[in-house]
Amino acid sequence: MPAITRPRGTNDLLPAEAPLRQWVLDTHARVAAAHGYEPIDTPVFEATELYERGTGAGTDVVEKEMFSFTDRGGRGLTLRPEGTPGVLRAVLAAHLDQERRPVRVHYAGPMFRYARPQAGRYHEFWQLGIEAIGERSPALDAEVIEVAWRFYEALGISGLSLQLNTLGDVDDRLRYRAALVEYYTPLRNRLCEDCQRRLEVNPLRLLDCKRDAGLVAGAPQIGPSLSSESQGFFSQVTDLLTAAAIPFSLNPRLVRGLDYYAHTTFELWHESLQGAQNAVGGGGRYDGLAEVLGFPPVPGSGYALGVERTMAVCREQGLGPAPRRDRVVVLGVSRTDAPTAAGVARRLRAAGIAAVLDASDRRLDRRLASAARQGARAVVLVGAEEAAAGSATWKDLDTGRQETAPVAEVATGLRHLLGAG
RNA sequence: GUGGCCAUAGCUCAGCUGGUUAGAGUGCCUGACUGUGGAUCAGGAGGUCGAGGGUUCGAAUCCCUCUGGCCACCCCA
């Protein structure tokens with residue numbers, strides 16, 4: 001009988017990797033909290049309609065990448081492909097925006113998209129993000145971008161570039177859309193198959209195409225379509241980023257794959273990631289999203305960052321949590337010492353020390369070697385002499401120093417050793 | 001979703017134009033060493049050769065299908 005395998009595009013997070021992700025998540029929570037963002041958790045699945053209407057029916061995500069299913073009651077549900085619509089739904093349904101504006105929240109959790117797996121692209125992947133809901137201001141956009149930037153600074157990651165663009169408001173977009181259609185329609189026959197379809201469904205996405213790069217170069221840019229208000233809004237964002245000493249590149253071709261963006265959009269790219277998957281995250285302003293979801297109009301701004309891609313950069317740059325050296329291994333010298341050793345381990349734990357009992361029959365020298373290899377900071381030996389005296393011998397594996405003392409004193413000594421790092 | 005490359009011990013890999021019992025390094029276990037660690041020496045365990053089917057006297061090796069990974073598209077995280 002063949003063993004059951006892990007589903008395609010999923011990953012096991014084994015003990016060797018788990019601390020790195022936890023460190024990334026903790027760092028983000030800390031940086032977000034320092035900017036006033038509070039934790040929020042929303043369901044891993046939502047009504048399919050939330051994404052059809054929110055993320056956008058014409059987007060690749062909704063068109064071909066969702067894990068959708070019908071539950072036993074006939075309801076159409078979808079494993080969340082992104083976090084923003086669910087978080088906005090939760091915040092507005094609870095009327096948090098009636099209590100204070102903006103509502104600042106941060107989140108982390110698994111997302112699901114059915115795209116062909118590749119390095120840095122999985123069916124199940126983690127995102128972390130923030131949303132600032134209820135205020136339409138350039139200062140908030142700049143703040144959101146700054147939180148992302150400070151997060152990567154806190155991790156110690158270098159080599160990131162911030163790509164920045166504006167899509168203007170709804171009217172600007174309609175004007176720009178018309179300009180693009182006017183430019184592309186005569187060229188229709190020279191467009192790739194996908195782009196011919198985009199011309200009908202979502203002309204802004206024509207700018208994303210790499211195959212038709214030659215045509216994209218000649219396409220009109222958004223600038224002339226922007227109202228003076230939109231231009232003013234965006235220049236305030238760039239001024240604030242400059243004042244915060246956050247470098248950025250203006251990228252007029254940055255469109256983003258989700259329908260709800262308006263005004264400021266951005267992506268964070270990392271040079272070392274595989275060409276196609278070089279974005280570690282992105283975000284922007286989504287002022288029309290609340291209405292599309294059936295709520296009163298409430299503006300918002302936020303970002304989502306890829307945890308796996310961030311971890312990949314961390315690994316490459318040798319970044320991560322300091323290895324934990326806060327454990328001791330308790331060894332019974334011979335088999336008959338095992339019960340006494342177990343008692344000593346119990347007393348150490350009661351004193352707040354992480355104690356692992358090695359009750360195996362292996363030779364003492366091998367068990368000592370094994371404890372050292374597993375990263376234990378110290379070992380505690382319990383043999384016939386110690387058992388008779390109610391004592392234990394503890395040995396610092398880094399210095400080799402060892403000492404026999406009553407168990408209570410050993411606990412104190414170990415606490416001191418572990419506390420000192 | 002499209003095209004390509006790949007899959008041999010826990011890990012990294014070798015295995016010739018098909019030819020006896022599938023190898024190495026490392027890791028693991030044991031002994032040298034029955035109360036003292038990452039060393040050394042010796043030994044041992046560990047493989048449905050990704051899965052299924054086919055060709056053949058004979059398949060890890062050739063063919064087909066599937067599964068999974070990677071790469072390029074596509075898209076994004």
Side-chain angles (χ1 to χ4, degrees), chain A residues 1-11 14 16 55 59-65 80-84 108-129 148 192-195 197-198 205 208-211 254-258 267-270 273-283 303-313 329 331-337 341 358 360-387 393-402 404:
Chain A
M1 193 167 64
I4 293 172
T5 57
R6 184 160 46 86
R8 179 177 167 88
T10 62
N11 287 296
L14 301 175
T55 309
T59 60
D60 280 12
V61 168
V62 172
E63 236 174 28
K64 48 191 190 192
E65 294 180 359
R80 62 183 180 193
E82 58 146 338
T84 301
M111 307 290 163
F112 304 85
R113 291 186 201 174
Y114 195 88
R116 187 133 156 186
Q118 212 169 307
R121 192 171 75 179
Y122 309 101
H123 285 176
E124 181 190 30
F125 61 100
W126 276 56
Q127 281 188 337
L128 42 81
C192 69
E193 210 171 295
D194 283 338
C195 283
R197 229 171 42 78
R198 285 172 178 151
R205 299 226 51 110
D208 270 347
C209 190
K210 279 118 203 158
R211 254 178 301 177
L254 187 74
V255 174
R256 311 270 306 142
L258 313 179
E267 282 184 7
L268 289 163
W269 292 356
H270 199 272
L273 295 175
Q274 286 299 331
Q277 265 85 240
N278 67 343
V280 295
Y303 67 67
L305 308 175
V307 174
E308 287 80 3
R309 290 181 191 179
T310 299
M311 287 167 67
V313 177
V329 171
L331 301 167
V333 170
S334 72
R335 188 171 209 165
T336 52
D337 301 316
D358 181 347
S360 68
D361 283 338
R362 295 151 65 211
R363 255 170 35 188
L364 188 64
D365 61 336
R366 298 231 198 256
R367 288 189 285 161
L368 219 49
S370 154
R373 231 180 298 116
Q374 284 164 31
R377 184 61 220 276
V379 290
V380 177
L381 293 169
V382 180
E385 295 166 28
E386 289 86 349
T393 298
W394 64 286
K395 175 172 189 170
D396 181 334
L397 287 171
D398 287 359
T399 64
R401 239 192 84 227
Q402 75 176 47
T404 303

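Since this is a predicted model, take the numbers as computed values, not measurements. Letters A, B, ... are given to chains in the order of the sequence lines, protein chains preceding strands, and every chain is numbered from 1.
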Between the protein and nucleotides 64-66 of chain B, list every N/O to N/O distance that falls short of 3.5 Å.
none

Please encode protein proximity along nucleotides 5-12 of chain B as a string of B, S and -, counting only heavy-atom distances under 4.0 Å.
--------
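The side-chain hydrogen bond (donor to acceptor under 3.5 Å, both in side chains) check on A/Thr336 picks up A/Ser334, with sequence neighbours excluded. A/Arg401 meets the side-chain hydrogen bond (donor to acceptor under 3.5 Å, both in side chains) test with A/Glu403; sequence neighbours excluded. Annotation: side-chain hydrogen bond (donor to acceptor under 3.5 Å, both in side chains) contacts of A/Glu82 (sequence neighbours excluded): A/Thr55, A/Tyr260.
Between A/Trp126 and B/A77, no base-stacking contact is recorded for ring centres under 5.5 Å apart and planes less than 30° from parallel.
Here B/G31 is the nucleotide among B/G3, B/C71, B/G31 with the atom lying nearest to any side-chain atom of A/Arg363. Comparing atom distances between the A/Gln118 side chain and each of B/U2, B/C74, B/A77 picks out B/C74 as nearest.
Residue A/Arg309 places a side-chain atom within donor-acceptor reach of the base of B/C76, judged by atom type and a 3.5 Å distance cut-off alone. For A/Glu65 against B/G1, no side-chain N or O and base N or O form a donor-acceptor pair under 3.5 Å.
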Per-residue pairing states of RNA chain B in dot-bracket (Watson-Crick or G-U under 3.5 Å; . unpaired, | other strand) read (((((((..((((.....[...)))).(((((.......))))).....(((((..]....))))))))))))....
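In this structure, A/Arg8 contributes its side chain and A/Arg116 its backbone to no donor-acceptor pair below 3.5 Å.
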